[in-house]
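What follows is a short report on a single structure.
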Amino acid sequence: MTSTLTNAVVLVTGAGGGLGHEFVTQSLRRGAAKVYATARTPRSYDDPRIVPLVLDVTDESSVRAAAAAAQDVTVVINNAGISAPSPIATGDSTTLRAIFETNFFGAVAVAQAFAPVLARNGGGALLNVHSVLSWIGLAGAYSASKAAFWSATNSLRVELAAQGTQVLGLHFGYTDTAMTKDVTAPKNDPADIVGLALDGLEAGELEVLGDEMTVDVKSKLSSPLADLYPGLAA
Ligand SMILES: NC(=O)c1ccc[n+]([C@@H]2O[C@H](COP(=O)([O-])OP(=O)(O)OC[C@H]3O[C@@H](n4cnc5c(N)ncnc54)[C@H](OP(=O)(O)O)[C@@H]3O)[C@@H](O)[C@H]2O)c1
């Protein structure tokens with residue numbers, strides 16, 4: 001299963017964000033015929049190939065309406081996400097649930113609504129935006145939500161194989177967007193992460209790791225836990 005972006009019809013959730021904007025512009029640069037730039041409050045665009053569309057991933061009626069309006073989609077980029085400080089041990093349940101509503105239930109709702117659309121259009125592709133934090137629990141509820149979403153992606157990949165849908169999971173660390181405006185650690189360029197993701201999509205990959213830190217973290221998942229969490233070493 002490979003999904004060239006030439007003449008593709010792409011839908012991006014969270015298109016107004018740092019990575020979302022890159023997914024829109026780079027998809028067009030690679031030959032997409034149309035991009036639905038979805039957001040809770042979509043902006044207007046000068047380029048007629050970009051179609052603004054309302055889509056709040058936490059509102060099932062909004063997700064259903066977007067899927068009904070965008071019946072020609074061949075590539076879905078499940079990118080919308082939120083982050084907020086929420087330790088598992090002490091975080092409040094309202095924040096914990098809000099993070100899961102967007103990063104897990106919202107992303108799954110988008111996959112469920114668009115899977116039949118992709119099937120009708122020949123299979124296409126679903127690109128799910130996870131994080132290195134799916135694999136290392138340093139960000140409390142956010143890590144947990146991205147781990148759950150990663151697991152859902154693994155199930156979706158198996159379940160949608162019969163309809164010919166390529167399901168690609170994207171993992172990466174700190175990247176320079178509004179989400180990390182208060183982070184002082186080194187950050188990836190969103191253009192680089194999206195470029196790698198779309199290279200992987202067009203090459204038929206099932207997973208893309210966007211940076212060396214993510215490669216390192218994934219490589220340690222089968223090691224003793226202290227390799228991943230050195231502070232826990234005896
Ligand atoms: N930046 C990083 O370091 C990093 C690292 C790993 C993974 N990620 C993941 O990358 C994805 C994109 O994040 P980003 O870095 O580009 O952050 P961003 O600039 O803050 O963009 C996030 C986007 O998600 C949208 N969004 C939030 N809740 C939504 C909802 N209920 N329905 C629809 N859209 C919603 C936001 O829209 P509004 O404008 O309406 O708020 C915003 O456009 C996220 O899934 C994030 O978890 C980011």
Side-chain angles (χ1 to χ4, degrees), residues 11-26 35-43 52-67 70 76-86 95 97-111 113-114 126-150 152-153 168-198 207-215 217-218:
L11 180 137
V12 181
T13 67
L19 285 142
H21 171 74
E22 284 298 327
F23 276 120
V24 172
T25 55
Q26 293 196 33
V35 179
Y36 291 100
T38 79
R40 290 183 280 196
T41 310
R43 47 160 286 207
L53 188 64
V54 173
L55 199 169
D56 178 342
V57 301
T58 62
D59 176 349
E60 288 199 9
S61 64
S62 167
V63 176
R64 275 197 302 275
V76 173
I77 302 181
N78 221 344
N79 164 74
I82 59 169
S83 165
S86 183
T95 307
R97 287 175 189 278
I99 290 172
F100 267 77
E101 281 299 333
T102 303
N103 295 358
F104 179 75
F105 292 110
V108 168
V110 169
F114 281 93
L126 173 66
L127 193 166
N128 285 345
V129 178
H130 311 134
S131 169
V132 66
L133 292 164
S134 313
W135 291 326
I136 184 164
L138 298 180
Y142 178 82
S143 287
S145 71
K146 289 293 187 178
F149 185 23
W150 167 57
T153 297
L168 186 157
L170 173 64
H171 299 254
F172 53 99
Y174 285 141
T175 299
D176 196 7
T177 69
M179 188 175 279
T180 57
K181 62 181 185 325
D182 299 325
V183 172
T184 54
K187 294 180 238 182
N188 300 309
D189 183 333
D192 294 341
I193 296 297
V194 168
L196 288 170
L198 297 182
E207 186 168 88
V208 167
L209 310 187
D211 50 42
E212 283 308 312
M213 183 184 54
T214 302
V215 171
V217 166
K218 188 179 182 192

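It should be emphasised that the depicted structure is a prediction, and the values quoted were computed from it without experimental measurement. In each ligand, atom 1 is the first atom listed, and ligand 1 is the first ligand listed.
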If the contact criterion is a heavy-atom separation under 4.0 Å, does [X] count as touching ligand 1?
{"X": "G16", "value": "yes"}
{"X": "N79", "value": "yes"}
{"X": "K187", "value": "no"}

Could you work out, for [atom], the closest of [options] by heavy-atom distance?
{"atom": "atom 34 (N) of ligand 1", "options": "A178, A98, A80, G81", "value": "A80"}
{"atom": "atom 31 (N) of ligand 1", "options": "D56, N128, N103", "value": "D56"}
{"atom": "atom 47 (O) of ligand 1", "options": "Y174, F149, Y142", "value": "Y142"}

Quick one: nearest non-hydrogen protein atom to [atom], plus distance?
{"atom": "atom 15 (O) of ligand 1", "answer": "T177 OG1, 2.6 Å"}
{"atom": "atom 25 (C) of ligand 1", "answer": "G14 CA, 3.8 Å"}
{"atom": "atom 19 (O) of ligand 1", "answer": "G18 N, 2.9 Å"}
{"atom": "atom 38 (P) of ligand 1", "answer": "R40 NH2, 3.5 Å"}
{"atom": "atom 5 (C) of ligand 1", "answer": "F172 CE1, 3.2 Å"}
{"atom": "atom 43 (O) of ligand 1", "answer": "G17 N, 3.0 Å"}

Under 4.0 Å to a heavy atom of L55 - the qualifying atoms of ligand 1, by number: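 So the atoms of ligand 1 that pass are 32 (N), 33 (C).
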
Side chain to side chain, F114 and T13, heavy atoms closer than 4.5 Å: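 No; the side chains remain at least 4.5 Å from each other.
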
Qualifying residues under salt bridge (Lys or Arg N to Asp or Glu O under 4.0 Å), relative to D176, sequence neighbours excluded: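 Checked D176 against salt bridge (Lys or Arg N to Asp or Glu O under 4.0 Å); matches are K187.
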
Part of V57 within contact of ligand 1 (heavy atoms, under 4.0 Å):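 Within the 4.0 Å criterion, V57 contacts ligand 1 through backbone and side-chain atoms alike.
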
Which segment of I82 sits under 4.0 Å of ligand 1 when only heavy atoms are counted: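 Side chain only.
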
Min N/O separation T41 to ligand 1 under 3.5 Å: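 Not met; the criterion fails.
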
